[in-house]
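Whatever order the structure lists ligands and atoms in, that order sets their numbers, starting from 1.
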Amino acid sequence: MRNAETVQKAYEIAKEQYAGIGVDVDKAIEALDKVRISMHCWQGDDINGSLFPDQELSGTISVTGNYPGKARNADELRADLDKALSLIPGTHKVNLHAIYGESDEPIDLDQIEPKHFAKWVEWAKERGLGLDFNGTFFSHPKAESGFTLSSADPEVQEFWIEHLRRVREISNYFGQETGIVSCNNIWIPDGYKDNPIDRVSPRKRLMEALDKAREVDYPAENTLDAVEGKLFGTGVEAYTVGTHEFYLSYAMSRGILWTIDSGHFHPTEDPGDKFAAVAPFNQGLYLHVSRPMRWDSDHVVIADDMLRNITNALVYNDLIKTTHIGLDFFDATINRVAAYVVGTRNTQKALLQSFLTPLEDLKAAEAEGDLTARLALVEEYKSFPFGAVWDYYCLTKGVPVGEDWLAEVRQYEKDVLSKRA
Ligand code: RNT
Ligand code: ZN
């Protein structure tokens with residue numbers, strides 16, 4: 001167990017060291033504390049959901065592993081999220097998918113209503129959490145052809161348009177009820193395994209379907225639509241209808257958020273630079289922080305260079321105000337509550353490191369053309385004691401310091417998770 005006095009002492013020393021380079025650690029902590037991270041509910045049950053519990057996951061994404069104790073229903077999922085949230089400093093958001101609705105009678109995705117999410121709303125309100133949302137355009141018989149919103153079959157397409165209409169209404173309800181804007185992220189798996197002849201028509205259909213589903217205007221303080229593109233997925237290697245270029249064009253022309261999932265790019269690309277590239281156009285962003293391992297593998301987020309590049313781009317360029325940060329990973333080979341804690345705390349730690357940067361000095365060095373100082377200083381600052389500041393932040397927020405949270409997850413596993421069949 002970490003000793004509070006030691007944490008306090010280390011913080012005082014760190015504070016002094018950072019003050020030496022003109023950084024106010026308390027301001028950095030304050031900035032970090034304001035950032036709500038949207039924790040994706042689907043890490044807790046391998047994207048299973050509660051509307052169709054027996055439906056297999058499909059739609060170009062997959063979860064591997066069978067670690068015991070996954071949440072079997074929404075109540076268990078909320079309990080697991082509560083556990084994870086108790087080990088993460090700050091106040092956050094939870095990101096729901098349409099399949100996480102709760103209904104006494106069987107309903108389909110074109111019948112979901114706000115009332116099917118009332119339990120989630122009540123739960124979120126009690127905890128001061130925001131709620132983001134996603135339509136579920138996969139794991140469904142009507143998605144089996146491989147096409148949803150871009151389907152050439154009018155009946156199939158209309159089903160998904162109606163789904164999206166309802167999803168937007170529910171997202172608006174989330175914002176209204178919680179008082180925190182709800183981002184409504186749209187991702188569809190549509191595409192072909194092999195090279196198509198006609199690459200344009202499915203995209204025209206997708207554009208028209210999105211426009212149709214988005215006819216109703218909701219207040220921007222309640223809900224914001226976001227569109228998430230992708231290069232490829234399993235089974236749609238040749239052609240994805242909703243690519244990055246498609247959605248960036250759509251988002252720009254419709255004035256909505258563009259979603260960047262860091263797993264959807266080649267490992268040599270820097271997702272952080274993409275925010276900066278669209279920043280001059282005032283483009284609002286939604287972010288899925290993920291970790292690609294050779295491909296879009298959705299590994300739990302770790303403290304790697306990609307993550308640092310992302311948080312640096314956000315903080316150094318003051319894009320944090322126009323960016324909504326969500327997580328998107330799924331690993332069923334480890335304790336799922338631990339996965340949440342690792343991924344969320346890592347994202348926060350990376351943000352804190354970015355906030356602990358003497359930006360004015362570095363910007364001045366850059367402006368003066370002193371590229372030597374820029375490189376030398378950035379490298380030295382990497383070994384500044386940000387961990388002491390992080391530990392202190394955790395201490396003041398009443399969450400476990402350092403690795404202490406693991407013992408709590410182990411206990412929860414013993415008391416709760418291991419009892420699930
Ligand atoms: C898939 C997208 C999408 C999903 C979730 C479950 O590649 O990243 O965000 O992960 O909708
Ligand atoms: Zn994503």
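Protein heavy atom nearest atom 4 (C) of ligand 1, with residue, atom name and distance: D328 OD2, 3.6 Å.
Close approach to F330 involves these atoms of ligand 1, each under 4.0 Å from a residue heavy atom: 10 (O). For ligand 1 and K230, the ligand atoms under 4.0 Å from any heavy atom of the residue are 1 (C), 7 (O). Residue contact check: D296 has heavy atoms under 4.0 Å from atoms 7 (O) of ligand 1.
For ligand 1, one of its N or O atoms has an N or O atom of E228 under 3.5 Å away. For the pair D261 and ligand 1, the shortest N or O to N or O distance falls below 3.5 Å. At under 3.5 Å, not a single nitrogen or oxygen of N185, backbone or side chain, sits near a nitrogen or oxygen of ligand 1.
Among F147, W42, W187, the single residue meeting the ring pair (Phe, Tyr, Trp, His ring centres under 6.0 Å) criterion with F138 is W187.
The aromatic rings of W160 and H140 sit perpendicular, their planes meeting at an angle over 60°, well past the 30° parallel limit. A tilted orientation is assigned to the rings of H97 and Y100, their planes being inclined by 30° to 60°.
With contacts defined as side-chain heavy-atom distances shorter than 4.5 Å, the pair F133/N185 does not qualify. Using a 4.5 Å cut-off on side-chain heavy atoms (C-beta onward), D80 and Y340 make no contact.
At a threshold of 4.0 Å, the pair K230-D261 does not count as salt-bridged, since none of the basic side-chain nitrogens sits closer than that to a carboxylate oxygen. A salt bridge between K142 and D108 is absent, with no side-chain N of the basic residue lying under 4.0 Å from a carboxylate O of the acidic one. Using a 4.0 Å cut-off between a side-chain N of Lys or Arg and a carboxylate O of Asp or Glu, K70 and D45 do not qualify as a salt bridge. Note on R336 versus D331: no salt bridge recorded, every NZ/NE/NH1/NH2 to OD/OE distance being 4.0 Å or above.
Of all the heavy atoms of H288, the ones lying under 4.0 Å from any atom of ligand 1 belong exclusively to the side chain. When heavy-atom distances to ligand 1 are checked against a 4.0 Å cut-off, I61 comes that close only through its side chain, counted from C-beta outward.
More than 12 heavy-atom neighbours from other residues, nucleotides or ligands sit within 6.0 angstrom of CZ on R420.
Side chain to side chain, T259 and Y247 fail the donor-acceptor criterion of an N or O pair below 3.5 Å.
Within the structure, the closest approach of H97 to ligand 1 falls below 4.0 Å when heavy atoms are considered.
Here the protein contributes E228 OE2, D261 OD2, H288 ND1, D328 OD2 as N, O or S atoms under 2.8 Å from the Zn ion (ligand 2).
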